[in-house]
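All values derive from a computational prediction rather than experimental measurement. Throughout, residue positions are numbered sequentially from 1 according to the sequence presented.
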Amino acid sequence: GMNGTAIENFACVIFNVSFMNCTWNVSRTASEDTQYFLYWKTSRKEDFTGCQNYIKDYCGRHTGCRFQNVTIENKRAYFLVNVSESGKTIQSYKKTIALYQIEKLTPPLNVTVNCTEASHGCEIWWQPPRTSHVKKCSCFKYGIIIESK
């Protein structure tokens, strides 16, 4: 490909169970008419589908994509970013990501604290975070930080 048009720091994160954002940095030497097109698929057999909801910079260049209804399960995702200048594709970037590795979990649900003077202590309960792919509660580890005043 051409020098100076490549993308840098391509990364994706899944949040709130089924939303995914993928972002990248445009090379500092890329011209203003350089454009970036993201495609992805979750199996080698299927065809790539293009981004429907781009994140753009002040020049209107695509610097990311927002996805909805992403299912993680144990899928790998294959990403392709085509770089084009004056309408011609000049470079491609490819990356494979195991989706479960990029999920940011929601906080635990229904956290309840009950402190009593009689026991000089507190009881804390919670439910596991919402996630689309973790089926066993034993997969979660929790940490509690108590700040006493």
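- Residues Pro129 and Thr106 share a closest heavy-atom pair of CB-O, 3.0 Å.
- Contact of the Ile97 side chain with the Ile102 side chain is registered, since non-hydrogen atoms from C-beta on lie closer than 4.5 Å.
- Using a distance-only test at 3.5 Å, with no hydrogens or angles considered, a donor-acceptor pair links the side chain of Gln35 to the main chain of Gly60.
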Q. Hey, mind stepping through Leu38 and Phe79 against side-chain contact (heavy atoms from CB on, under 4.5 Å) and telling me if it holds?
A. CA-CA 7 Å; Leu38 175 65; Phe79 295 93; 4.1 Å; yes
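- Going from atom SG of Cys51 over to atom OH of Tyr36 covers 15.0 Å, rounded to the nearest 0.5 Å.
- Between the CZ atom in Arg66 and the OG1 atom in Thr23 there is a gap of 10.5 Å [rounded to 0.5 Å].
- The SG atom of Cys115 sits 9.5 Å away from atom CD of Glu123, with the distance rounded to the nearest 0.5 Å.
- Judged as a side-chain hydrogen bond (donor to acceptor under 3.5 Å, both in side chains), and not counting sequence neighbours, Thr112 has no contacts.
- In plain terms, the two heavy atoms of Cys65 and Ile55 that are nearest each other are N-CD1, 3.8 Å.
- A tilted orientation is assigned to the rings of Tyr142 and Phe140, their planes being inclined by 30° to 60°.
- One hydrophobic cluster, built from ILVMFWY side chains closer than 4.5 Å, cannot hold both Val13 and Val17; they sit in different ones.
- By the 6.0 Å contact criterion, CD on Glu46 is enclosed, its count of non-hydrogen atoms from other residues, nucleotides or ligands being greater than 12.
- When side chains are defined from C-beta on, Arg44 counts as touching Tyr78, because their heavy atoms get closer than 4.5 Å.
- The distance from atom CD of Gln91 to atom CD1 of Ile7, rounded to the nearest 0.5 Å, is 9.0 Å.
- Separation of atoms OG1 (Thr49) and CG (Leu80) is listed at 11.0 Å; rounding is to 0.5 Å.
- Here the OG1-CD1 distance, from Thr42 to Ile72, works out to 12.0 Å after rounding to the nearest 0.5 Å.
- A 6.0 Å sphere centred on OH of Tyr100 holds no more than 12 heavy atoms belonging to other residues, nucleotides or ligands.
- Contact detail for Val113 and Cys122: the closest heavy-atom pair is CG1-CB, 4.4 Å.
- Linking Ile, Leu, Val, Met, Phe, Trp and Tyr residues whenever their side-chain heavy atoms come within less than 4.5 Å leaves Phe10 and Phe15 in two separate clusters.
- Side-chain atoms of Val83 and Tyr93, non-hydrogen and from C-beta on, never get closer than 4.5 Å to each other.
- Take Arg130 and apply the salt bridge (charged side-chain N to carboxylate O under 4.0 Å, His left out) test, not counting sequence neighbours, and it matches no residue.
- The side-chain heavy atoms of Glu85 and Asp33, taken from C-beta on, include a pair separated by under 4.5 Å.
- By the salt bridge (charged side-chain N to carboxylate O under 4.0 Å, His left out) test, Lys75 is found to be paired with Glu73, residues two or more places apart in sequence or in another chain being considered.
- Listed by chain and residue number, Arg61 satisfy the salt bridge (charged side-chain N to carboxylate O under 4.0 Å, His left out) test with Asp57 (two or more places apart in sequence, or in another chain).
- The list of ring pair (Phe, Tyr, Trp, His ring centres under 6.0 Å) pairs with a residue in residues 55-76, not counting sequence neighbours, reads Phe37-His62, Trp40-Phe67, Tyr54-His62.
- No side-chain donor-acceptor contact under 3.5 Å links Lys56 to the backbone of Cys59.
- Contact record, Ile14 with Leu99: CD1-O, 3.9 Å, taken as the closest heavy-atom pair.
- Considering only residues two or more places apart in sequence or on other chains, Asn110 meets the side-chain hydrogen bond (donor to acceptor under 3.5 Å, both in side chains) condition with Gln127.
- Of all heavy-atom pairs spanning Pro108 and Trp126, the tightest one is CB-CD1, 3.9 Å.
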